[in-house]
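Below is one structure, written out as structure tokens; comments come after it.
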Amino acid sequence: MKRHVASLLAQALASLRDAGGLPADVELPEIQVERARDRAHGDYAANTAMVLAKAARCKPRDLAEQIRAHLPESPSIAEVAVAGPGFLNFTLTPAARHEAVRSALREGGQYGRSQVGAGHRIHIEFVSANPTGPLHVGHGRGAAFGDALASVLEAAGFQVHREYYVNDAGRQMDILAVSFWLRYLQAAGEDVPFPAKGYQGAYITAHAQELLEIDGDAHVHNAAAIIDGLPDEASDPEGYLDALVARARALLDHGAYERVLGFALEAILGDIRADLDAFGVTYHQYFSERELADNGRIEAAVQRLADAGYTYEADGALWFRASELGDDKDRVLRRENGLTTYFAADVAYHLDKVERGFDTLVNVWGADHHGYVPRVTASLQALGIDPSCLDVRLVQFAVLYRGGEKLPMSTRSGEFVTLRELRDEVGKDAARFFYVMRRSEQHMDFDLDLAKSESADNPVYYCQYAHARICSVMRQLEERGMRVAADPEEAALERLDAEHETILLDLLGRYPEVVEAAALSREPHQVAQYLRELAAAFHTYYNAVPFIIEDAALRDARLTLVLATRQVLANGLGLLGVDAPEAM
RNA sequence: GCGCCCGUAGCUCAAUCGGAUAGAGCAUCGGCCUUCUAAGCCGACGGUUGCAGGUUCGAGUCCUGCCGGGCGCGCCA
């Protein structure tokens, strides 16, 4: 409908220009049509006349009048008015308003979906937490946001690929393997000390026990052979850890080291997948950094940067000239010890995404990674790729509150709330809705007590209750031996003239525009905001007007409206990964 | 010190590419269940959009400078 109005305006401008009402050389602006914020301003408003007034050397309101006079007739538009400083306000005909209800019921789960993104292939990478421990609440917002955004993009017709980048290479994997092995040895009865810098979590101990049950004592070495000759841990904890890794590699031969590492990785990644699954988050692909390295893709990417003339050697390392492309400083690609950096892998990863044919790359990152954006952008540019294809969505952390108290969050001390604990406490639906309710760049306070509360204060229940209430109305209807006339096309929607009904009709018609806007601006919170508004409009209507009444035609009209509302609630909640229950 | 994000009602947050009188919820106060779920509804109160300039028909939104909060500034990932 919005596009329809825009096209009417475009025709009017062309016709006005042909008639000499506009200078022939004037450049016609992009037509901007927006939903009127105020009902008194009709349904749609256009600022065309104000934008064009200066170039046309004409007063905005006069120009608006001329445009209005040249607007073609439309069966959807009841009235066009010039208002304020020069707005053109369009009011829809009742029939056009009713179309939303009929479309929602005709299209069902498809209502609100569009094709604006057709032809585009979007790669969206989110969460990508290191596979060294369980997901915590810091990852939760990225998960909820990324998944909802992917769904919203799909609804707008984009072809979306959801991916999790697994950092399963490098030193942290060695530390994981050693931590895991030591816990395994302890489970087997060996008295080995556990390093302070190892991964301390109980999840390691639990999975190490599983390895012992499966592989038996195949990887057991006595404690003395492991510790003898290692440097002093207290004076150099990192060096101690590296020596421990070297010792483990030496003792665990014939692939045993890889076995332990692989087992640890699979176990932890399995936990992460299970958590995400229970959170309603799914991926098309888990992309392994190690495979990238094993396939020579990292070396190839580094070589491409070198070929492009963007590298140099200094201090024994290979550097990328990031500072020539907008970054603060140059960045190391290959260290003095010959190993490539995490950044080098990331260059290769982004190059790989582009080579897989995606025209847009969306990265959902924690806000603490923002300093990393310029160097990735620079690398794309150096590789001859237009960096505007990359959109990094920075997600701010949410601070959890319980009983008015801020919950401590520190990864270092292991004092973090896991995503699983959050889900156990407030449920998947509340967690997901709360996370996407706010703009991702906005710092957020997450009130656990509120998310748990079964009250009107809780926006999740508020929206879900609206859906459940409609289901309840339908059950009541059936109990009284009535049904809604089967064909919504036949419903006498012209009987819906109460203010509450007009508001609801209006909101239902807006839904496709909300989804489209949320997709194009990549802001899924717009859907959450809309759903609260829709639920509020429904609850108001419910309290003001009885649905199950004697007048069959009016009853059918109202119930048809209500059924369409239920459909839109379900569709919108679905995009956010929140269930739409039939009863509370 | 430099860079990025944020600052909107007492609190948590919205505000459609720069659009018309800045909106919700909570809290506070006052109403509404014999009637489709009160997990709901109605009303009242509440604002110099951190401060000062600038850009223009029009600024919460864009630019500059301050103030305040968060994050980042490794041959870690």
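In the text below, chain A, chain B and the rest are named by the order of the sequence lines, each starting its count at 1. The figures that follow rest on heavy atoms only: side chains count, while hydrogens, waters and symmetry mates do not.
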Inset, instruction - Please determine if a side-chain N or O atom of A/T540 lies less than 4.0 Å away from the OP1 or OP2 oxygen of B/C42. - result: yes

Inset, instruction - Have a look at A/V545 and say if it touches a base, only the backbone sugar-phosphate, or nothing, with a 4.0 Å heavy-atom cut-off. - result: base

Legend entry - Proximity to the side chain of A/N167 - top-ranked nucleotide from B/A77, B/C36, B/A14: B/A77

Legend entry - Within 6.0 Å of CD in A/E582, more than 12 heavy atoms from elsewhere: no

Legend entry - Side-chain donor/acceptor of A/N89 to base of B/A20, under 3.5 Å: yes

Legend entry - Aromatic contact, A/Y541 with A/F547 (centres under 6.0 Å): yes

Inset, instruction - Determine yes or no for a side-chain-to-main-chain donor-acceptor pair under 3.5 angstrom, with A/R558 supplying the side chain and A/P546 the backbone. - result: yes

Legend entry - Intra- and interstrand pairs of RNA chain B - dot-bracket, Watson-Crick/G-U under 3.5 Å, | marks other strand: (((((((..((((.....[...)))).(((((.......))))).....(((((..]....))))))))))))....

Inset, instruction - For A/F397 and for A/R532, locate the closest nucleotide of RNA chain B by heavy-atom distance; then report the residue assigned to the nucleotide nearer the 5' terminus. - result: A/R532

Legend entry - Integer angstrom distance from the C1' of B/U12 to that of B/G3: 29 Å

Legend entry - Centroid separation A/Y435 to A/F145 less than 6.0 Å: no

Legend entry - Distance test, side-chain N/O of A/Q529 to OP1/OP2 of B/G25, below 4.0 Å: no

Inset, instruction - Kindly check if the number of other-residue, nucleotide or ligand heavy atoms within 6.0 Å of CZ (A/R483) is above 12? - result: no

Inset, instruction - Assess whether atom CZ of A/R3 is packed by more than 12 heavy atoms of other residues, nucleotides or ligands within 6.0 Å. - result: no

Inset, instruction - Determine: side-chain N/O of A/R555 to OP1/OP2 of B/C36, distance under 4.0 Å, yes or no. - result: no

Would you list the protein and nucleotides 16-18 of chain B atom pairs, both N or O, that sit under 3.5 Å from each other?
unit_1: B/U16; atom_1: OP2; unit_2: A/R37; atom_2: NH2; d: 3.4
unit_1: B/U16; atom_1: N3; unit_2: A/R35; atom_2: O; d: 3.1
unit_1: B/U16; atom_1: O4; unit_2: A/R35; atom_2: O; d: 3.1
unit_1: B/U16; atom_1: O4; unit_2: A/R37; atom_2: NE; d: 3.3
unit_1: B/C17; atom_1: N4; unit_2: A/E30; atom_2: OE2; d: 3.1

Inset, instruction - Tell me whether the OP1 or OP2 atom of B/U35 has a side-chain N or O from A/Q476 closer than 4.0 Å. - result: no

Legend entry - A/D315 (side chain) donor-acceptor with A/A317 (main chain) under 3.5 angstrom: no

Legend entry - Atom-pair distance (CE on A/M444; C1' on B/C71), nearest Å: 17 Å

Legend entry - Touch class at under 4.0 angstrom, heavy-atom based, for A/D330 against every strand present: nothing

Legend entry - Rounded distance (Å) that lies between atom P of B/G23 and atom CE of A/M437: 21 Å

Inset, instruction - Kindly determine whether A/N363 and A/H350 satisfy side chain to side chain donor-acceptor pair (under 3.5 Å), including the steps that lead there. - result: CA-CA 10 Å; A/N363 290 2; A/H350 284 84; 2.8 Å; yes

Legend entry - Between B/A24 (P) and A/Y462 (OH): distance, integer Å: 12 Å

Legend entry - Whole angstrom value for the distance that separates P of B/G74 from CD of A/E336: 17 Å

Inset, instruction - Kindly say if A/R61 contacts the phosphate of B/C57, meaning a side-chain N or O under 4.0 Å from OP1 or OP2. - result: no

Legend entry - Nucleotide nearest A/Q442 (side chain, heavy atoms from C-beta), chosen from B/C6, B/G19, B/A77: B/C6

Inset, instruction - Nearest whole angstrom, please: distance from the P of B/U35 to the CD of A/E550. - result: 18 Å

Using atom names, set out every protein N or O paired with an N or O of nucleotides 1-3 of chain B below 3.5 Å, distance rounded to 0.1 Å.
unit_1: B/G3; atom_1: N2; unit_2: A/H370; atom_2: NE2; d: 2.3

Inset, instruction - Using whole Å, report how far CZ of A/R331 lies from P of B/C76. - result: 13 Å

Inset, instruction - Please name the residue in the list A/F343, A/Y165, A/Y342 that meets the ring-ring contact (aromatic ring centres under 6.0 Å, His included) test with A/Y349. - result: A/Y165

Legend entry - A/Q476 atom CD: more than 12 heavy-atom contacts under 6.0 Å: yes

Inset, instruction - Specify the separation, in whole Å, of atom CG of A/L88 and atom C1' of B/G19. - result: 13 Å

Inset, instruction - Determine the Euclidean distance between corresponding P atoms of B/G60 and B/A9; express it in Å to zero decimal places. - result: 14 Å

Inset, instruction - Output yes when at least one side-chain N/O atom of A/R335 is less than 4.0 Å from OP1 or OP2 of B/A77, else no. - result: yes

Legend entry - Integer-rounded Å distance: B/C76 P and A/F343 CZ: 14 Å

